[in-house]
Amino acid sequence: MTRNTINVLIGGEAGQGLVTIGEILTKSVARSGYSVVVTQSYQSRIRGGHNSFAIRMGADEVIAPQEAVDILVPLDKDTVRIHREELSPWGLIIMDEALDIADDQGIKVPFKQWAPDKFLNIAALGVVSYLIGLDEELVSQTMNKFFDKMDQETVKENRLVLEKAFRWTADQPLSFQKLPRVSHASDRLVMNGNEAIALGALSAGLKFYSFYPMTPATSIAVNLAGKSEKMGIIVEQAEDEIAAINMAIGASFTGAPSMVGTSGGGFALMTEGVSLAAMTETPIVIVVSQRPAPATGLPTRTEQSDMELVLHSGHGEFPRAIFAPGTVEECFYLTRKAFELAERYQGPIFILTDQFFADSYRAIDPFDIEDMSPVNPSYALTSSSSPYRRYAFTDSGISQRMLPGISKHLVVADSDEHSEDGHITEDLTVRQRMVEKRLKKGEGIKAEVLPPQLQGDEKPDMVLVSWGSSKGAVLEAASQMRSNGKRIATLHFTQVWPLVSEQFSEHLQKTRELVCIEGNATGQLARLIRRETGVLIAKQVLRYDGLPITPEYILRKLCSN
Amino acid sequence: MTRNTINVLIGGEAGQGLVTIGEILTKSVARSGYSVVVTQSYQSRIRGGHNSFAIRMGADEVIAPQEAVDILVPLDKDTVRIHREELSPWGLIIMDEALDIADDQGIKVPFKQWAPDKFLNIAALGVVSYLIGLDEELVSQTMNKFFDKMDQETVKENRLVLEKAFRWTADQPLSFQKLPRVSHASDRLVMNGNEAIALGALSAGLKFYSFYPMTPATSIAVNLAGKSEKMGIIVEQAEDEIAAINMAIGASFTGAPSMVGTSGGGFALMTEGVSLAAMTETPIVIVVSQRPAPATGLPTRTEQSDMELVLHSGHGEFPRAIFAPGTVEECFYLTRKAFELAERYQGPIFILTDQFFADSYRAIDPFDIEDMSPVNPSYALTSSSSPYRRYAFTDSGISQRMLPGISKHLVVADSDEHSEDGHITEDLTVRQRMVEKRLKKGEGIKAEVLPPQLQGDEKPDMVLVSWGSSKGAVLEAASQMRSNGKRIATLHFTQVWPLVSEQFSEHLQKTRELVCIEGNATGQLARLIRRETGVLIAKQVLRYDGLPITPEYILRKLCSN
Amino acid sequence: MVTISDYGKYDTTWCPGCGNFSILEAMKQALVARGLEPHQVLFISGIGQAAKAPHYLNANVFNGLHGRSLPVATGAKLANPELTVIVESGDGCSYGEGGNHFLAAIRRNIDVTLLAHNNQVYGLTKGQASPTSDEGFITKVQPGGVASAAFNPAVVAVAMHAGFVARAFARLTDNLSDIIQQAIAYRGFSLIDVLQPCVSFNKVNTFAWYKSRCYPLPKDYDPTDWYAAVKTADQWGDRIPVGVIYRNERPPFEEHFPVLSQGPLVGRDVDRMMLKKIMEGYA
Amino acid sequence: MVTISDYGKYDTTWCPGCGNFSILEAMKQALVARGLEPHQVLFISGIGQAAKAPHYLNANVFNGLHGRSLPVATGAKLANPELTVIVESGDGCSYGEGGNHFLAAIRRNIDVTLLAHNNQVYGLTKGQASPTSDEGFITKVQPGGVASAAFNPAVVAVAMHAGFVARAFARLTDNLSDIIQQAIAYRGFSLIDVLQPCVSFNKVNTFAWYKSRCYPLPKDYDPTDWYAAVKTADQWGDRIPVGVIYRNERPPFEEHFPVLSQGPLVGRDVDRMMLKKIMEGYA
Ligand SMILES: Cc1ncc(C[n+]2csc(CCOP(=O)(O)OP(=O)(O)O)c2C)c(N)n1
Ligand SMILES: Cc1ncc(C[n+]2csc(CCOP(=O)(O)OP(=O)(O)O)c2C)c(N)n1
Ligand code: SF4
Ligand code: SF4
Ligand SMILES: [Mg+2]
Ligand SMILES: [Mg+2]
């Protein structure tokens, strides 16, 4: 679609190692100073089928995936069949000559001549690396680092195959336009959304993570578990999601900043616990990584259809905040923010992400970890009043929090309606005040809401409204339309609850046309905006086939609509 | 508050038998041809504390509870302390002289002189019955029927105590205004909301009910279990709520019209199952009987705070209908309707009720049970096409349903995204069409929505908007205001989803003032109406102290606001 | 007469070499041996690699939620007791997420066969520990090794006096098929815990590992001796007995419902006269 | 020195004559005997009549959801291993709704004491069958009598090689108090299943019923003999043994977490240099 970026798609069966080449290539590209957006598409199986790993890269900032493929690397025939029509006019297919496919954009590579089958991946990596203009030495180093504990023999062989691939490609009469040289810092990191959430949580002071495996949230657990000993945290796989959230609540109650992560179905099981956290006023951060539903749906694909669920989850009424990061950096910072709010307002705070974003690697600058202090704890070690009352009424609705066993004060928390001291009550006057106390905290949460980000033309003919992981795609589509002479603005929400009408409703009114762009089938944000502002966003670009929203998708829909 | 009705409140500790007198009195009143509304208020304990059973009765139709008490029957001192100020100016306190309370509206009754302590209840019943003008013979018969399997000795003693009570009261110089004579049919039934739901379900053809005990839904199970053998149905207590809904889905899949009942917290646990019913397109009726939350909240009190939860429950997107009956008759008919929709649209259909209503006895005319056929099953015994495809695409989104084992056709249902034949698929084109197929059914549901009921002045200055169990209270408050010369209309929703804007939004626009009346703290219906129509209902009368909405409460709030 | 081919042949999404293939074969053999036609059988499964099994043969199928197949099976069987109801799911599904239903199914003794593909790992979600993973088993989320004791479904089932308890090894296909036949024939709840090598994620409990340990129970083993069965079921480690470990004659759950003596609930009319009488009871 | 009065005296919402009162007394006695001060103890409970118990003494309390106290306790103990964590809840809470957590707690061997008030009925919700209700027990929702076999928590726990398994009778208060002390002292998961008469809803398993059946285990009973313990735990009916049925020396769950050797997690700083290094690993 644009010649400023190159989109490399590696496709093949699960188990063929396409993620390996994908990751090495991504890291090499990032270390060369380029920007990347990775899109992983895989099936709910361990071997076989068809998976793909697409890396879009560029010298300027790349913010969205792209459908058009500039270099296709098929590890099997199916990949060509499935992705051929995505190939751009100048695109190339880098394929093993053994694949036996005739295609005038195809480059048949004599992989088998260079090394045995198991090095095919490395060979393909070499060809692509050369084509896009990477430095051989850098790719080789990246590879070595990736294969960490490899014997010297294999390291040498890998290197050799890479060299052959580079040399062979250099000799081909190809005019593929390489990436321009850049002089960016080479300490760029490669991180996907879930990794950034894990890192953000660690930096915020996470001490306890409990979970039950569920795609696409599991990688948060994997990332945290791998670091648990070093960081002095506990990561525990629970017997089910209900246990996961209740454990985290227990750990938070006794003083460990806690988080849980899951996806729609697992989250449905957690919702009673969400209500418990609210009632007992226990801080907890909950990550919901969305995938297509109902029920088991498409476990390894993406969707944005659980926003309303998360917003209304848990019986009864209580305040909450829902963050929906749109960049990897936001994953990091909003996770920190989630811990802050959870501590301050003592209740459930949500991070809403999705499969696309969970698996989407990006090149980012390192965070200033050293300068970032963990979130301030909300508990006090001594109490001003005695006996200590866990749910003392205050103007803000926030009561002083103490921890059991840390002082002589007794801490009593209750899932039943309770009086200020935490003991069960049936006093209905107290009940009413407690409801008001809890809801009062919502005002505080509202006061620190992140306003949606308005970008683009000042007097737009059209405003594109969006939330969460589609941020990049929407921005790119808008800028594309602007370069076609249209006046477009975007209004993107990285926090979808609370919504503060005053922050954005005028932006919605100052345009002729509003379009809401969402990865679901019913337009959940549009509905919510109408509920909170009265503004109807009649036009919607929705996607619900399990794939992420791309700039092309938006443009196609806006033109055909 | 009004002298057209008499409100009798019996109060005392749990275990003192106040429900017994309450029920006998209610039945006697109903059998005498009067109308009644019962309000039960009890604590989450088995013995002790303070409970009350209030019966408001009248010759004309009584539709709402009343706070003012005309006859107070305290079984302990606490009752007087708690309810004294509710006593109307002409009210009486019927108390055992042993209670030793001085009150100029108090009537000290020499209960102990008539019989031993255990007959105190009957004695009080006699005094009250006389005061309100019931026939002694009728009360006696009602009592005998109530105590079903009692020995002759006790029957005789009861009768004797009743007689003494009537005689003694007749001799007192009291000028309490009796109920006017009526000539209503004496075959009136006394039924509360949950009983009517159970009966409606049986008449619709319910064959399987699974549940996990939870107040205030348990009485549905009690009612059904007691009739299970006679009606040839299965009632099964599950190991937890998750099992309850999954069992019901299993039973429905193999051909038994199925229902589950629970309250907020239990429902939260069922929400993954709701999504499963939607995805597998299995009919199921789900009763959610609301109580104050979050978490365990006030288990035995009332609230209307789970509407948004029910509306958005279950991950992913799928159609549903939510009924919120406002009279006992509606409980019956809407339950039947719920079964109809569940069968026709093959998915989850909800009935939203609450503790007040679950326990609120009313006098009703018998239903024409004989003339009511069970709901038509949606399954076919033979298939037109072979191989049978469970999820065949159709214009309505409704696929022919068949049952496993009934024919040679194989029935395949899947919680994963599936193709028409029910087998798991990762074909994303099929995914998209399946989403559309499922949502399509929502249009059918929408086409048969029950419009909200508009009543009152044609050109109202104020419209009171409400839903569910508060119906009677809102109607009565409105008529009260009208008799004070105000122009008031009411718009009451007995189906809260889907909302069809065209059916009612003009009513909302033709008035100066809109007030939403809800038993929750955040105005959930008001929010939903804004979401669906854009109309903001700024003024709200909300109640969230665990008690039901009464006409007095509404009037107090409207005047003070 | 029903033959293996009636149960069809499907492409699967399993890894080459997976133990699931033999289980599928053994199941088909058993169904044929029992003379069951596809439409007489209802498979119910959860989510996982094992839980896909019912998609790979001809039969009625309800592929439900992860961990929730037993309640679905219970409801399905109660509504139509004439169906042969078989639950197939993984160890995670059956003993992890579904642990509470496992206990309840045993207590009910509902006439359902639970065939658990026990690969001691979560396969579909890529290799986390399952309840049956051995202590110390290392995974990406258990880098220090599993800290909980492994769940032994057989010993729990026997301890609870379950109706029919068996353990099998996937690659002893004939033995497994025979056990499945007995389990289907058994009127009550039958558990078959099938040890199943997962070539992708369990590099400890491999084919060879199981093979060298599993031994069939001796011919004279008496599965009705509860106390002995407890000990047999508890055996795990160097020697793992396979076969029918325990069985008794508890009546199946369905027998407690008089209404079921007349067969399926479907199509039964509502007795309106009775209902009218019931209604009149509210007078 | 801590005394009974430190644990306070509260009005309860229990029925007069309920077995819960003696359990409350035994618990206070045990805490005092162990020299524990109220702030050192954290009670965690679910929902039910039994689950209200922690409100009736002075201590830290987390009264959570029905059935979910064990996971809360697990998290609480892991975050602060110095607390004495005691779960008190009913049979419905612990073995019904919470069945899966019961299995998991045993497998983990987390150092938590579960004291289950087992009245064989759902008290707070007015008398439905519980998992431990005897077969045939009649209630308003089980008018034909309970059709499932009763759950015997002790035999399941022993079968799973739980760390510490005891059964007690509420009215043998001293015996109970002694068992509670042992359970608290035990480093690992300890189950105390306490038979508790419910005067309001269980008219079968009454005080007299239990009293005539419960007998203390003989002095020479060896609770470390697993195989014998299975049989002892299984005993139910005319004779019901009470006492410590089984115990072993499995390491408690907390020991698997090196980080916990330094005590509670609270107040630990984030090692930012380490985190920076971790971040750099993403290069
Ligand atoms: C409620 C819920 N939680 C988690 C998941 C994710 N999940 C799918 S399969 C699976 C585990 C599968 O393990 P097992 O049951 O042993 O089957 P296997 O794949 O090993 O055959 C999990 C955790 C889910 N689908 N639903
Ligand atoms: C999720 C959920 N389901 C159901 C309930 C209702 N409930 C409260 S207590 C209880 C049973 C109590 O029985 P048990 O645990 O044996 O305690 P007991 O009252 O007998 O002491 C139930 C079912 C609930 N509070 N939450
Ligand atoms: S992941 Fe394991 S269990 Fe699943 S198919 Fe592959 S080998 Fe079999
Ligand atoms: S209902 Fe039973 S268990 Fe509950 S307090 Fe009363 S006697 Fe005790
Ligand atoms: Mg497994
Ligand atoms: Mg109990």
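A note on names: the letters A, B, ... follow the listed sequences, proteins ahead of strands, and every chain is numbered from 1. Given the structure is predicted, the values throughout are model-derived calculations rather than measurements.
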Against chain A, label [X] side chain, backbone, both or neither, depending on which of its atoms sit under 4.5 Å from a heavy atom there.
X      : value
D:Y56  : neither
D:P258 : side chain
D:E82  : neither
D:L83  : side chain
D:L260 : side chain

* Asked: Between D:R108 and A:E236, is there a side-chain N and carboxylate O pair less than 4.0 Å apart?
  ->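 Judged by the 4.0 Å cut-off on N to carboxylate O distance, D:R108 and A:E236 do form a salt bridge.
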
Quick check: do [X] and [Y] have side-chain heavy atoms less than 4.5 Å from each other?
X      : Y      : value
A:P374 : D:D269 : yes
A:S415 : D:H66  : no
D:P71  : A:I242 : no

Under 4.5 Å heavy-atom distance to chain D, tell me which part of [X] shows up: side chain, backbone, both or neither.
X      : answer
A:S203 : both
A:I364 : neither
A:A248 : neither
A:T142 : neither
A:Y379 : side chain
A:K207 : both
A:D371 : backbone
A:P366 : both
A:H409 : backbone

Output the option from [options] having the highest count of non-hydrogen pairs under 4.5 Å with chain D.
options                        : result
A:E272, A:M279, A:M191, A:E229 : A:E272
A:S275, A:G205, A:G405         : A:G405
A:I249, A:D368, A:D240, A:I406 : A:D240
A:E239, A:H418, A:K230         : A:E239

Counting heavy-atom pairs under 4.5 angstrom with chain A, the leader among D:I47, D:N60, D:V259 is D:N60

Note: vs chain A, highest number of non-hydrogen pairs under 4.5 angstrom among D:H101, D:K276, D:K77 is D:H101

Of D:N80, D:L265, D:V85, the residue whose pairing with A:T254 passes side chain to side chain contact (heavy atoms under 4.5 Å, CB included):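 Of all the options given, the one that passes is D:N80.
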
State which residue, out of A:D414, A:I424, A:V412, fulfils the side chain to side chain contact (heavy atoms under 4.5 Å, CB included) condition with D:V61.
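Going through the options one by one, the only one that passes is A:V412.
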
[atom2] on [Y] to [atom1] on [X], rounded to 0.5 Å:
X      : Y      : atom1 : atom2 : result
A:M247 : D:L78  : CE    : CG    : 7.5 Å
D:M274 : A:K227 : CE    : NZ    : 12.0 Å
D:R272 : A:E370 : CZ    : CD    : 9.0 Å
D:H256 : A:I234 : NE2   : CD1   : 12.5 Å
D:L65  : A:I245 : CG    : CD1   : 9.5 Å
D:L275 : A:L202 : CG    : CG    : 5.5 Å

Identify the two heavy atoms, one from D:Y282 and one from A:L199, that lie closest to each other, and give their separation to 0.1 Å.
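Looks like CE1-CD1, 4.4 Å.
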
Which word best sums up how the rings of D:F62 and A:F253 line up, parallel for under 30°, tilted for 30 to 60°, or perpendicular for over 60°?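 If you compare the ring of D:F62 with that of A:F253, the planes turn out perpendicular.
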
